[in-house]
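Down below is the structure, laid out as structure tokens.
In this chain, numbering begins with 1 at the start of the sequence shown.
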Amino acid sequence: MNIAFFLLPKQEVVTVTQEATLRQTLEKMEHHRYTAVPIIDHEGGYAGTVTEGDLLWFMKNRPGITFETANRVGLSEVPLRLNHRSVRIDSNMEDLISLAKVQNFVPVVDDMERFIGIVRRSEIIDYCQTIMQGAAAVEA
């Protein structure tokens with residue numbers, strides 16, 4: 001199945017840029033109640049995913065940072081603990097399923113590596129459930 005069917009387009013995805021500050025990132029994640037968001041580079045490419053854990057560990061290891069001073073710290077200074085991989089738009093469902101085991105969402109890029117959206121884990125699970133129910137109906 002074509003993964004474009006499951007794609008949430010970038011216009012509907014909450015993202016941060018590499019130029020964002022730690023405070024901007026925290027506020028955006030809090031406002032939308034997300035635990036992870038994609039990072040977009042200055043050319044529109046997928047640069048990684050920042051998680052709450054990345055931000056918390058960074059702040060824990062830098063005790064001088066407060067919420068008030070977080071606007072002086074660039075997101076680019078925060079090390080990302082996990083390598084959230086992206087897929088190309090022409091990838092197959094098997095690629096998505098293997099990544100969804102360890103990622104809440106799978107970023108999708110075009111053939112020029114520009115970020116075009118995400119596929120949520122819940123969409124992938126729904127797809128798998130539909131396939132399983134279809135197989136069960138055939139067996140019955």
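The line from OG1 of Thr35 to CG of Leu55 is 11.0 Å long, rounded to the nearest 0.5 Å. Separation of atoms CD1 (Ile40) and CZ (Arg114) is listed at 12.5 Å; rounding is to 0.5 Å. Atom-to-atom distance recorded for Lys28:NZ and Tyr34:OH is 11.0 Å, nearest 0.5 angstrom. In this structure, OG on Ser86 lies 8.5 Å from CD on Gln103, to the nearest 0.5 angstrom. Rounding to the nearest 0.5 Å gives a distance of 12.0 Å between CZ of Arg72 and CG of Leu22. Going from atom CE of Met93 over to atom CZ of Phe5 covers 10.0 Å, rounded to the nearest 0.5 Å.
Put simply, Phe67 and Leu75 are part of the same group of oily side chains (I, L, V, M, F, W, Y) that touch within less than 4.5 Å, one to the next. A chain of hydrophobic side-chain contacts below 4.5 Å, direct or via other Ile, Leu, Val, Met, Phe, Trp or Tyr residues, connects Val37 to Val73. Hydrophobic cluster membership differs between Leu82 and Val102, with clusters built from Ile, Leu, Val, Met, Phe, Trp and Tyr side chains linked at under 4.5 angstrom. Under the 4.5 Å side-chain heavy-atom criterion for grouping Ile, Leu, Val, Met, Phe, Trp and Tyr, Met112 is not connected to Val87 through any hydrophobic cluster. Grouping the Ile, Leu, Val, Met, Phe, Trp and Tyr side chains by contacts below 4.5 angstrom, directly or via other members, places Leu26 with Ile39.
When the shell of 6.0 Å around CZ of Arg120 is examined, it contains 12 or fewer heavy atoms from other residues, nucleotides or ligands. Other residues, nucleotides and ligands place more than 12 heavy atoms under 6.0 Å from the NE2 atom of His32. Under a cut-off of 6.0 angstrom, the local environment of CD in Gln133 is crowded, with over 12 non-hydrogen atoms contributed by other residues, nucleotides or ligands.
A donor-acceptor pair under 3.5 Å is formed between the side chain of Asp54 and the backbone N or O of Arg81. A donor-acceptor pair is defined here as one N or O able to donate and one able to accept, closer than 3.5 Å; no such pair exists between the side chain of Arg121 and the backbone of Phe105. Judged purely by atom type and a 3.5 angstrom limit, Asn92 uses its side chain to pair as donor or acceptor with the backbone of Asp95. Arg85 places no side-chain N or O within 3.5 Å of a backbone atom of Leu99 that could act as its donor or acceptor partner. No donor-acceptor pair closer than 3.5 Å links the side chain of Thr69 to the backbone N or O of Ile65. Gln24 places a side-chain N or O within donor-acceptor distance of the main-chain N or O of Thr21, the cut-off being under 3.5 Å. The backbone N or O of Trp57 lies less than 3.5 Å from a partner atom in the side chain of Asn61, making a donor-acceptor pair. Proximity of a side-chain donor or acceptor of Glu43 to a complementary backbone N or O of Gly45 within less than 3.5 Å is not detected.
The two residues Val106 and Ala100 make their nearest non-hydrogen contact at CG2-N, 4.3 Å.
In this structure, the side chains of Ile118 and Pro38 come closer than 4.5 Å at one or more pairs of heavy atoms. No side-chain heavy atom of Ile89 sits less than 4.5 Å from a side-chain heavy atom of Val109. Within the 4.5 Å cutoff, the side chain of Val108 has heavy atoms near those of the Val119 side chain.
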Would you please test Glu77 and Arg62 for salt bridge (Lys or Arg N to Asp or Glu O under 4.0 Å) and show each step?
CA-CA 11 Å; Glu77 295 180 47; Arg62 304 268 302 265; 3.7 Å; yes

N/O donor to acceptor pairs below 3.5 angstrom from side-chain atoms of residues 6-17, sequence neighbours left out:
unit_1, atom_1, unit_2, atom_2, d
Thr17, OG1, Glu19, N, 3.4
Thr17, OG1, Ala20, N, 3.4

